[in-house]
Amino acid sequence: MRFLSRSSVLLGSAASAIFLSPVSVQASSDPELVALRREMESMRGEIHRLQSRVAKYEHTSPVSETPHKHVPRHLITAGAGEPQPIFNEPAPVRTGPRTTAESRVALPESPTMSWKDFKAATSKEESVHVGGIQIGFPNGRPTIASDDKAYAFSVGLLAQEDFGGFMGVGPSKAGGNFNNFTQNARRLRLYFSWRYKDWVVNVTPDFGSSSVDGSAGLFEANVNYTGLHHTTLTIGYFQPRMEEESAERSGAFEFLERPAIVDIVRNIAGGVGRFSIGGEHYEKRWLVAGYFTGHKFGDRSSTTVSDSQTGAVFRAVGRPYVSKDIDVHVGAGATAAFKVNQTANGRQYTASNNMEIPLGEASLLSSGALSNVAQIWAAGPQLALRYKRFLIKSEYYHIGVQRNSGADNPQNLPSLGFDGWYVAANYTLLGKPRAYNEKIGAFTAPGVDYDFDPSRNHWGAVELSGRWSVTNLHDDGGGNQQTAWEGGLNWYPNRYFRFMLDYERFIVSRTPTSTKPTQLNYFGTTGNAVVGRVQAAF
């Protein structure tokens, strides 16, 4: 405000210097001089009005006789006809579709960004600077960072609520739980991330469940270093990914869940909340990842583990051909548990899965309890092809189980072999089609050109999907087989919300370990399921 007072004095001084010039006091009847005097009188009046306005806002006289004396000053609201303050220029009105990068659906489980990438992301987003920090939303995630981006804290969200039920389950429901209508909070994750330059700590609690909601768990808690070129090194509870389907991230699946064979294979030595030490490196045309792994978070709280599991996960993928309309993906994944957890029951392992429907119902597919397990491993190829808006992909995995001799059987127990595969097809009706993300070595969700707005004929993104999967855990008379046919419709009204609807027909052979008609899956089970999902991701 003192600046405004001084400005008014300067304005008055300047006006006096102009109006008292020799030209202004000449007595002349020249019409040009008369007009100039009138113009100068008008200017003098305007300057007085400006001085009065300054005095009004400062509650002081136009020219203070005591400029150094402290006078209380108060800001008041500008009048209706007076200019209003402008704190920021309005955002430009977008008239065209989003770019390919801007249109992609937000994925909170995206790879950890390097400090360089983080600075680039935050510089492109609108932010507010307050006292040496900035608050913004890079990639849709609320973030507080220092002005140099060296220190940062961000919060992400993935919320998935499922609802639906089963129809025509037969030959009977004896021993199984198949509700006509039920609900399940599948994933309720809060992603907390702390950064100091290229060092990043991720902690993600999960309030959902793969079976039934109501209990909290941990999705991840790890430390990452991203200072090496296109490389992320990780230690802690993590989810090492060896399958293309898992690499897509759960917020971008074509269907509600992974195929059964992928879910079984990933949990041998990987899966959610697995202790891991390793890393991954990517280039535009290839990616390689490897991790040494231990037990899962919470393993020792449910049973007494006298000797923890150790294992490894490895993945290598490439893109042998890429063009505007065609993208080819090939790769291979392998995993092994060098030893499984030792409990009171020895080294025992059971492979099982539900019908690829996440409603917390009975799991019909099972290998049965495998005793005296020395080692479990799995390996297989990955193939995918995108042609314009059409995407087809497939994976096959073979599981090998090696066993030691047991106390009740001095001879070596026979090794077992299981396998499974899936083929999935996807077509994008509206929006940008699914595209390859070289940072994860997998295809990701479609892009939303325009947010949902029927008045402008904008409908977001829509895709159709179909899948056939087979998982065979039948060997040595102890397991069974499951076949699932599935169709799905996904709608993305914007980058952050998704609505899904899946229909599945499942066929599961009888469980050999069932000995009575009242037990689960004694006759084998067939049925149908219709499930919807509402998803929010930031």
Side-chain angles (χ1 to χ4, degrees), residues 105-113 139-143 153-162 184-195 200-224 226 232-243 245-253 256-258 262-280 289 291-302 309 311 313 315 335 353-354 358 360 439-440 442 444-445 496 498 533-538:
V105 172
L107 296 177
E109 295 175 25
S110 295
T112 302
M113 287 190 291
N139 297 327
R141 176 173 290 191
T143 300
F153 169 72
S154 63
V155 181
L157 168 72
L158 177 62
Q160 296 177 341
E161 179 68 30
D162 298 339
N184 184 46
R186 176 60 180 93
R187 296 176 179 91
L188 293 176
R189 297 173 181 167
L190 292 175
Y191 299 82
F192 298 104
S193 180
W194 290 264
R195 171 185 296 277
V200 182
V201 176
N202 297 318
V203 178
T204 305
D206 191 351
F207 301 93
S209 174
S210 59
S211 54
V212 290
D213 53 23
S215 60
L218 182 73
F219 173 72
E220 66 176 347
N222 49 67
V223 177
N224 303 267
T226 62
T232 302
L233 303 178
T234 303
I235 181 172
Y237 289 107
F238 182 65
Q239 181 180 189
R241 299 169 175 90
M242 59 162 283
E243 315 87 9
E245 187 79 11
S246 292
E248 289 184 1
R249 276 40 176 188
S250 54
F253 289 163
L256 297 172
E257 293 301 319
R258 307 170 184 85
V262 171
D263 223 23
I264 291 172
V265 165
R266 79 186 186 97
N267 281 297
I268 292 175
V272 170
R274 178 77 69 178
F275 178 78
S276 307
I277 301 175
E280 59 185 42
Y291 298 89
F292 169 81
T293 65
H295 64 248
K296 283 190 173 185
F297 177 83
D299 275 359
R300 291 185 295 177
S301 65
S302 57
Q309 173 174 316
V313 173
R315 181 174 186 240
T335 183
N353 197 259
N354 57 26
K439 294 183 179 181
I440 61 176
T444 191
Y496 307 104
R498 175 167 71 159
R533 170 177 290 174
V534 178
Q535 171 180 300
F538 292 89

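This chain uses plain numbering: 1 for the first residue, then up along the sequence. These numbers were taken from a predicted model, which means no experiment stands behind them.
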Salt bridge (charged side-chain N to carboxylate O under 4.0 Å, His left out) partners of Arg186, counting only residues at least two apart
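For Arg186 the salt bridge (charged side-chain N to carboxylate O under 4.0 Å, His left out) partners, ignoring immediate neighbours, are Glu257.
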Minimum heavy-atom separation for [X] and [Y], please, with both atom names.
X: Val262; Y: Ser246; result: CG1-OG, 3.8 Å
X: Val272; Y: Leu218; result: CG1-O, 3.9 Å
X: Tyr291; Y: Ser276; result: CD2-CB, 4.2 Å
X: Arg189; Y: Ser250; result: NH1-OG, 3.6 Å
X: Asn222; Y: Tyr237; result: ND2-O, 2.9 Å
X: Pro358; Y: Asn184; result: O-ND2, 3.1 Å

Please round to the nearest 0.5 Å and tell me the distance separating atom [atom1] of [X] and atom [atom2] of [Y].
X: Thr234; Y: Asn202; atom1: OG1; atom2: CG; result: 8.0 Å
X: Gln160; Y: Gln535; atom1: CD; atom2: CD; result: 4.5 Å
X: Leu158; Y: Thr204; atom1: CG; atom2: OG1; result: 10.0 Å
X: Thr335; Y: Ile268; atom1: OG1; atom2: CD1; result: 5.5 Å
X: Phe207; Y: Phe219; atom1: CZ; atom2: CZ; result: 14.0 Å
X: Leu256; Y: Asp162; atom1: CG; atom2: CG; result: 5.5 Å

Donor-acceptor contact present, side-chain Arg498 to main-chain Tyr496, <3.5 Å
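Not confirmed, Arg498 side chain does not pair with Tyr496 backbone.
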Is the backbone N or O of Met113 less than 3.5 Å from a side-chain atom of Arg195, with the two atoms forming a donor-acceptor pair by type?
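Answer holds: yes.
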Of Arg241, Arg274, Glu245, Gln239, the residue whose pairing with Arg266 passes side chain to side chain contact (heavy atoms under 4.5 Å, CB included):
Gln239
Does any non-hydrogen side-chain atom of [Y] lie less than 4.5 Å from one of [X]?
X: Thr232; Y: Pro111; result: no
X: Tyr191; Y: Ser154; result: no
X: Asn267; Y: Lys296; result: yes
X: Val155; Y: Phe538; result: no
X: Leu157; Y: Leu190; result: yes
X: Val265; Y: Met242; result: yes

Salt bridge check, Glu109 against Arg187: does any charged N sit closer than 4.0 Å to a carboxylate O?
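Glu109 and Arg187: not salt-bridged.
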